[in-house]
Amino acid sequence: PYEDKERIHYGALLHDIGKISVPEAILMKPGPLTPEEYAVMKKHPEIGANIIMPIKQFRYVIPGILHHHERYDGKGYPRGLKEEEISIDGRMIAVADTFDAMTADRPYRKGLPYEVAIEEIKKSSGTQFDPKVVSAFLSAYYKGAIITHTDKEESSNGVVQESKT
């Protein structure tokens with residue numbers, strides 16, 4: 001339904017808003033985070049939810065923001081939720097965010113090819129990700145319905161035509 005698409009869309013756009021509280025040195029660090037740095041990073045979903053909470057019109061996106069780092073096997077954060085305890089928004093945003101994180105260029109590394117990212121997501125189905133969400137993501141990907149930020153940038157330069165939804 002339209003309302004679900006809208007909620008998940010806005011949740012996906014705002015899912016990392018809590019990172020405004022994370023020092024840039026941690027966000028841009030080229031190597032592994034120390035345990036202390038990782039502890040700071042792990043707070044961003046709850047901070048994001050707290051930022052959105054006072055905005056009545058956007059409270060409906062809080063589950064996606066709060067749950068996007070939860071794992072299907074219960075080993076995620078901030079609450080260690082598992083399976084359907086995690087909102088569908090969080091489960092969907094987790095897959096999309098992971099694909100984006102792996103394929104996007106970062107200041108400290110080049111993005112992975114889409115096919116490599118797809119294989120990693122497949123490997124994590126049932127542990128990190130909800131298998132049903134992975135299946136739906138893969139179906140959309142193989143139909144050509146996944147548009148990334150890179151695709152949109154290339155489209156504006158005339159290289160890729162954005163005709164997918």
Side-chain angles (χ1 to χ4, degrees), residues 1-24 26-29 32-33 35 37-106 109 111-112 114 116-141 145-152 165:
Y2 173 80
E3 294 81 17
D4 292 347
K5 289 179 186 176
E6 179 182 61
R7 184 188 70 244
I8 293 166
H9 173 77
Y10 284 114
L13 290 174
L14 294 168
H15 78 278
D16 274 342
I17 193 169
K19 284 186 177 178
I20 64 171
S21 70
V22 178
E24 189 172 345
I26 293 174
L27 291 174
M28 303 304 278
K29 187 173 180 182
L33 300 178
E37 291 166 333
Y38 188 55
V40 170
M41 183 66 87
K42 286 172 58 174
K43 294 178 182 177
H44 84 269
E46 289 181 313
I47 291 168
N50 289 334
I51 289 169
I52 296 299
M53 183 62 72
I55 307 169
K56 183 178 177 181
Q57 298 88 335
F58 279 106
R59 285 187 189 152
Y60 70 119
V61 304
I62 289 174
I65 293 169
L66 191 57
H67 297 161
H68 74 278
H69 282 292
E70 297 289 358
R71 289 176 46 117
Y72 197 71
D73 62 9
K75 296 179 181 176
Y77 62 88
R79 298 188 176 150
L81 303 177
K82 65 180 183 176
E83 299 177 2
E84 280 73 32
E85 294 172 347
I86 306 164
S87 67
I88 187 64
D89 304 35
R91 288 180 275 149
M92 292 175 72
I93 292 168
V95 173
D97 185 40
T98 298
F99 182 77
D100 179 64
M102 288 191 288
T103 60
D105 289 343
R106 302 291 188 204
R109 67 149 175 84
L112 297 172
Y114 289 1
V116 173
I118 289 295
E119 288 307 311
E120 288 300 315
I121 288 171
K122 286 179 184 178
K123 287 179 194 173
S124 298
S125 179
T127 54
Q128 185 175 354
F129 305 121
D130 179 338
K132 292 177 189 170
V133 172
V134 170
S135 179
F137 177 82
L138 294 174
S139 176
Y141 175 79
I146 302 297
I147 300 294
T148 67
H149 294 292
T150 303
D151 294 335
K152 286 183 180 183
T165 56

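The model shown is predicted, which means the values in this text are computed figures rather than measured ones.
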| query | Going through the distances and angles, do Asp73 and Arg71 end up as a salt bridge (Lys or Arg N to Asp or Glu O under 4.0 Å)? | reply | CA-CA 5 Å; Asp73 62 9; Arg71 289 176 46 117; 2.7 Å; yes

| task | May I have the step-by-step check of salt bridge (Lys or Arg N to Asp or Glu O under 4.0 Å) for Glu85 and Lys82, ending in yes or no? | result | CA-CA 5 Å; Glu85 294 172 347; Lys82 65 180 183 176; over 6 Å; no

| request: May I have the step-by-step check of side-chain contact (heavy atoms from CB on, under 4.5 Å) for Tyr114 and Ile146, ending in yes or no? | output: CA-CA 11 Å; Tyr114 289 1; Ile146 302 297; over 6 Å; no

| task | Would you please test Lys75 and Thr127 for side-chain contact (heavy atoms from CB on, under 4.5 Å) and show each step? | result | CA-CA 9 Å; Lys75 296 179 181 176; Thr127 54; over 6 Å; no

| task | Take Val133 and Ile88 through the side-chain contact (heavy atoms from CB on, under 4.5 Å) test and state the conclusion after the steps. | result | CA-CA 9 Å; Val133 172; Ile88 187 64; 3.9 Å; yes

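Evaluation of the side chain to side chain contact (heavy atoms under 4.5 Å, CB included) rule for Asn50 yields no partner, not counting sequence neighbours.
Glu70 places a side-chain N or O within 3.5 Å of a backbone atom of Gly80 that can act as its donor or acceptor partner. Under a 3.5 Å cut-off, the side chain of Ser139 and the backbone N or O of Ser135 do not form any donor-acceptor pair.
For Lys132, the NZ atom counts as loosely surrounded, since its 6.0 Å shell holds 12 or fewer non-hydrogen atoms of other residues, nucleotides or ligands. More than 12 heavy atoms of other residues, nucleotides or ligands sit less than 6.0 Å from atom NZ of Lys122. Counted within 6.0 Å of OH on Tyr10, heavy atoms from surrounding residues, nucleotides or ligands total 12 or fewer; the atom is thus considered open. Annotation: Glu24, atom CD; neighbour count of heavy atoms from other residues, nucleotides and ligands within 6.0 Å does not exceed 12.
Interatomic distance, CG of Leu27 versus CD of Glu37, reported as 10.5 Å (0.5 Å rounding). Rounding to the nearest 0.5 Å gives a distance of 6.5 Å between CD1 of Ile121 and CZ of Phe99.
A heavy-atom distance below 4.5 Å is found between the side chains of Pro1 and Asp4. Taking 4.5 Å as the limit, some side-chain heavy atom of Ile20 sits within range of a side-chain heavy atom of Ile51.
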List the atom pairs, with distances to 0.1 Å, where a side-chain N or O of residues 58-68 and a protein N or O form a donor-acceptor pair under 3.5 Å, not counting sequence neighbours.
residue	atom	partner	partner atom	Å
Arg59	NE	Met53	O	2.6
Arg59	NH2	Met53	O	3.3
His67	ND1	Pro63	O	3.4
His67	ND1	Ser87	N	3.1
His67	ND1	Ser87	OG	2.9
His68	ND1	Ile65	O	2.7
His68	NE2	Asp16	OD1	3.1
His68	NE2	His44	NE2	3.2

